[in-house]
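Here is how names work: the chains are called A, B, and so on, in the same order as the sequence lines, proteins then strands, and each is numbered from 1.
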Protein chains: 2
Amino acid sequence: MSVELDGTQRRMLAEMFALLGDPSRLGIVLSCRHQRRSVSDIAEASGLSMSLVSHHLRLLRTAELLKVEREGRYAFYSIADAHVEHMLDDMVDHVLHANGASRALSTQPGGT
Amino acid sequence: MSVELDGTQRRMLAEMFALLGDPSRLGIVLSCRHQRRSVSDIAEASGLSMSLVSHHLRLLRTAELLKVEREGRYAFYSIADAHVEHMLDDMVDHVLHANGASRALSTQPGGT
DNA sequence: CCTATAGTTGAACATTTGTTCAATTGTTTG
DNA sequence: CAAACAATTGAACAAATGTTCAACTATAGG
């Protein structure tokens with residue numbers, strides 16, 4: 001085990017991290033986790049303007065983190081595939097279980 | 001299953017993603033994965049100036065992704081804890097196994 | 001004590017990037 | 001066809017961020 005990544009893979013990974021590294025965008029992605037959502041839906045849920053949401057969605061679409069299904073005048077977004085979904089589950093899981101070691105401040109288990 | 005994150009947790013996760021989202025920084029972190037490394041060591045391995053590496057190390061240290069052990073005039077950096085290490089293993093794993101679904105172009109298994 | 005090595009720090013700069021606003025495309029319905 | 005709604009797009013702007021350079025601290029050795 002403990003394999004290394006080549007330059008291209010590192011850049012791919014970094015790009016993905018960077019995309020997920022913006023709070024607005026992470027919120028958008030997480031809101032599409034278990035159901036597909038229209039753009040206005042996402043906008044309302046996240047408190048962001050539809051324009052801004054659309055800009056972010058384009059990036060997430062291009063990076064193949066989200067996919068879109070168009071129906072009439074609506075566009076429904078959801079996680080691109082099982083691979084991405086699994087990865088997100090992992091990361092969410094990690095944050096939820098990050099109680100002991102790494103959190104120096106606010107070490108309070110079971111915080112809502 | 002399928003738990004949601006609150007605002008604070010989302011921001012924590014986003015911050016972590018953002019830190020790992022810079023190619024230089026990701027390289028630095030990955031180079032500290034399985035052995036501790038001195039700053040000059042990291043600088044040489046990554047092709048970055050020692051000053052820049054030091055700046056990045058401060059951020060990674062502050063976010064508790066890396067930890068430092070000082071010995072004499074040397075400073076050795078390594079992954080902060082098992083939790084972070086596991087998370088990185090996961091992500092590296094994901095990138096390595098991202099053959100089928102999400103890769104639209106260059107779908108060639110086993111590419112170096 | 002003086003020089004060399006290892007690392008950190010802060011200011012300054014250039015670039016990137018998130019956000020807003022207005023205009024535009026496409027679709028449905030009166 | 002016109003009006004309303006859903007979404008996309010591009011230009012422009014402000015703020016954040018990566019990088020460089022020079023100065024500085026600290027430890028080791030002659």
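Between B:R37 and C:dA6, a side-chain N or O to OP1/OP2 separation shorter than 4.0 Å is absent. The shortest distance between the side-chain N/O atoms of A:R61 and the OP1/OP2 oxygens of D:dT8 is below 4.0 Å. In this model, the phosphate group of D:dA6 is not approached by any side-chain N or O of A:Y77 to a distance below 4.0 Å at OP1 or OP2.
Between A:E71 and B:F76, it is B:F76 whose nearest contact on DNA chain C lies nearer the 5' terminus.
Rounded to an integer number of Å, the gap from B:R70 CZ to D:dA26 P is 12 Å. Atom P of nucleotide D:dA16 and atom CG of B:L19 are separated by 16 Å, given to the nearest angstrom. For the pair B:L57 CG and C:dA6 P, the computed distance is 16 Å after rounding to whole Å. Atom CG of A:L60 and atom C1' of D:dT8 are 15 Å apart (whole Å). With rounding to whole Å, A:E15 atom CD is found 16 Å from D:dG18 atom P. Atom CZ in B:F17 sits about 17 Å away from atom P in D:dT17, given to the nearest Å. Atom-to-atom, OH of B:Y74 to P of C:dA4 comes out at 16 Å; the value is rounded to the nearest Å. Rounded to whole angstrom, the span from the CE atom of B:M50 across to the C1' atom of C:dA4 amounts to 12 Å.
In this structure the side chain of A:V68 never reaches within 4.5 angstrom of the side chain of A:F76, judged on heavy atoms.
Considering B:V29, B:L65, B:L66 in turn, B:L65 is the only one that fulfils the side chain to side chain contact (heavy atoms under 4.5 Å, CB included) rule with B:V84.
Geometric assessment of A:R37 against the ring of A:Y77 yields a negative cation-pi assignment under the 6.0 Å and 45° thresholds.
Checking side-chain atoms of B:S54 against main-chain N and O of B:M50 turns up no donor-acceptor pair under 3.5 Å. A:H94 places no side-chain N or O within 3.5 Å of a backbone atom of B:H83 that could act as its donor or acceptor partner.
Between A:M12 atom CE and A:D6 atom CG the span is 9.5 Å, to the nearest 0.5 Å.
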Mark up nucleotides 11-27 of chain C, 5' to 3', with B wherever a protein heavy atom is under 4.0 angstrom from a base atom, S wherever such an atom reaches only the sugar-phosphate, and - elsewhere. -------SBBBB----S
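Between B:R33 and B:E85 no salt bridge is recorded (no basic side-chain N to carboxylate O distance below 4.0 Å).
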